[in-house]
J.: 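Next up is a structure, given as structure tokens.
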Amino acid sequence: MARINEHYAKLPASYLFPEIGRRVRAYQASHPDAKVIRLGIGDVTEPLAPSITAAMHAAVDEMASRPTFRGYGPEQGYDFLVEAIRKHDYAARGVDLAADEIFVSDGSKCDSGNIQEIFAHGARIAVTDPVYPVYVDSNVMAGRTAAAGPDGRYPGLTYLVGNEANGFQPEPPAGGGEPIDVVYLCSPNNPTGTVATREQLARWVAWAKANDAIILFDAAYEAYISDPALPRSIYEIEGALDCALELRSFSKRAGFTGVRCAYMVVPKRVTGIGAGGARVSLNSLWARRHTTKFNGASYVVQRGAAAVYTPEGLAETAAQIAFYMENARMLREGLAASRFTVFGGVHAPYLWLRTPSGSSSWDFFDKLLADAQIVGTPGAGFGPAGEGYFRLSAFNSRENIEEAIGRLRRAFG
Ligand code: PLP
């Protein structure tokens with residue numbers, strides 16, 4: 001008899017997006033003519049840039065010919081991609097990384113879900129609230145928590161609340177609170193669309209160094225930052241190479257949600273405590289994990305990712321991001337004109353709005369669907385502190401964004 005991992009039973013029966021899908025299907029079944037606009041799931045809508053598909057086509061042709069065919073590649077990624085990442089994403093910003101500090105993967109979801117396994121079962125984990133649910137659920141699955149309490153929180157995790165008072169960017173905990181070994185930070189943030197300033201990240205790095213803690217910094221949306229004063233990498237902050245890992249993805253930066261490519265930076269200087277109190281490099285642990293459980297992202301995909309860094313690729317992907325951010329600007333203005341209180345959406349493709357008249361975020365979901373045929377994401381799905389808020393995504397066609405703004409005006413004035 002195979003006993004199952006009972007920690008899975010602590011997870012909510014239905015994950016956020018399946019529940020949204022269920023409600024939308026029910027609505028459409030009773031309103032078959034309604035044209036529903038989906039501003040819920042954060043998935044890109046623009047096709048891959050021409051320079052990326054050209055590189056992938058060429059790579060497919062290489063695979064079709066005996067002399068250029070490739071089988072398994074290096075687990076950490078091909079040199080051509082790792083070098084492009086080092087040069088463009090880091091050296092250009094004054095950050096010097098070694099090639100073997102970069103781990104190419106098939107997505108930041110896997111990286112952010114898997115990274116917890118190199119920490120002790122008893123490691124004390126902190127997340128922000130609201131939060132990208134993967135950080136929480138992967139720690140629940142690993143058995144680091146008890147069952148969720150009535151407030152939806154898992155005992156065993158520390159929740160750092162993001163709210164209007166702190167601009168949805170929680171500060172490091174003051175001394176005397178629960179001790180924390182590992183904290184997940186995400187900037188630009190999913191779901192709130194807000195972004196951490198250099199000063200805020202500097203306070204986190206100072207806190208991590210003072211407390212011998214590790215920051216897991218998810219920068220999946222860094223390409224959406226347009227203000228050069230804002231940090232796109234945590235390594236722009238002095239000292240972060242000693243205490244932070246960084247996750248980056250090509251999903252939102254270059255439309256790779258269906259292609260799958262990402263990477264994680266694990267600097268060799270970042271260490272944890274091993275048996276007997278010895279310091280152990282997280283880089284060597286992650287290399288062991290990666291080479292044991294992952295056989296590399298595909299050659300064709302990595303050629304596509306490397307094309308993002310060519311002059312054409314940079315220009316084409318920048319134009320896509322500008323397109324989505326114009327959508328975000330229009331949505332922000334439309335929502336403000338309909339008297340919504342809106343956060344985010346300036347350096348991130350997400351807008352975070354306060355639900356009107358204090359309605360619950362699922363009630364507002366149903367109302368928005370019924371009155372405007374717009375699907376968004378209830379803030380409560382991202383944690384208890386998301387209750388009373390709602391996420392809209394700017395990933396859509398211009399036509400749909402304009403239509404959505406018109407519907408909001410008609411439904412909410
Ligand atoms: N991290 C954050 C904060 C995200 O919002 C997402 C996707 O929505 C991911 C990671 C996952 O990215 P990927 O497509 O690379 O798995």
Side-chain angles (χ1 to χ4, degrees), residues 15-18 20 38-46 48 52 77 81 85 89 102-116 127-139 160 162 168-170 183-196 201 215-225 232-234 244-265 290 294 296-298 301-302 304-305 308 317 320-321 324 328 344-345 347-352 376-377 379 381-383 386 391-396:
Y15 180 65
L16 177 61
F17 292 109
I20 291 174
R38 292 166 192 275
L39 302 179
I41 296 184
D43 194 359
V44 292
T45 50
E46 291 295 289
L48 290 172
I52 295 171
L81 178 57
I85 290 168
D89 289 348
I102 295 168
F103 296 79
V104 174
S105 75
D106 60 359
S108 283
K109 188 178 212 177
C110 332
D111 288 342
S112 61
N114 290 330
I115 188 63
Q116 49 75 29
V127 293
T128 58
D129 178 12
V131 69
Y132 177 55
V134 175
Y135 314 149
V136 172
D137 290 1
S138 55
N139 279 288
L160 305 166
F168 298 99
Q169 290 291 331
V183 62
Y184 293 79
L185 298 179
C186 176
S187 176
N189 190 261
N190 178 14
T192 67
T194 60
V195 62
L201 286 189
I215 298 172
L216 303 177
F217 188 72
D218 188 339
Y221 297 93
E222 53 74 36
Y224 289 79
I225 294 177
R232 287 174 64 159
S233 164
I234 195 158
L245 275 47
E246 180 162 289
L247 298 99
R248 295 264 190 122
S249 171
F250 293 94
S251 282
K252 309 298 161 70
R253 167 198 201 155
F256 273 49
T257 53
V259 177
R260 313 304 303 143
C261 197
Y263 65 87
M264 185 156 63
V265 178
H290 199 73
F294 187 63
S298 91
V301 162
Q302 290 191 61
V308 172
T317 51
Q320 288 181 339
I321 289 167
Y324 292 131
H347 297 290
Y350 297 121
L351 294 97
W352 185 245
T377 314
F382 299 101
R391 191 191 78 175
L392 290 179
S393 133
F395 293 122
N396 220 307

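Numbering of ligands and ligand atoms starts at 1, following listing order.
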J.: Can you classify the ring geometry of Y350 versus Y221 as parallel (below 30°), tilted (30 to 60°) or perpendicular (above 60°)?
T.: perpendicular

J.: Test your reading of the model: is there a side-chain donor-acceptor pair from S108 to the backbone of R248, 3.5 Å cut-off?
T.: yes

J.: At less than 4.0 angstrom from any atom of ligand 1, which residues have a non-hydrogen atom? List them by chain and residue number.
T.: G107, S108, K109, Y132, Y135, C186, N190, D218, A220, Y221, S249, S251, K252, R260

J.: L48 versus V259: any side-chain heavy-atom pair under 4.5 Å?
T.: yes

J.: Would you please name every residue forming a ring-ring contact (aromatic ring centres under 6.0 Å, His included) with Y184, sequence neighbours left out?
T.: Y135

J.: Would you say the side-chain atoms of E246 pair up with the backbone N or O of I234, donor to acceptor, closer than 3.5 Å?
T.: yes

J.: Using the rule given for side chain to side chain donor-acceptor pair (under 3.5 Å), can you reason through N189 versus Y132, listing the C-alpha separation, both sets of side-chain angles and the distance that settles it, and then say yes or no?
T.: CA-CA 8 Å; N189 190 261; Y132 177 55; over 6 Å; no

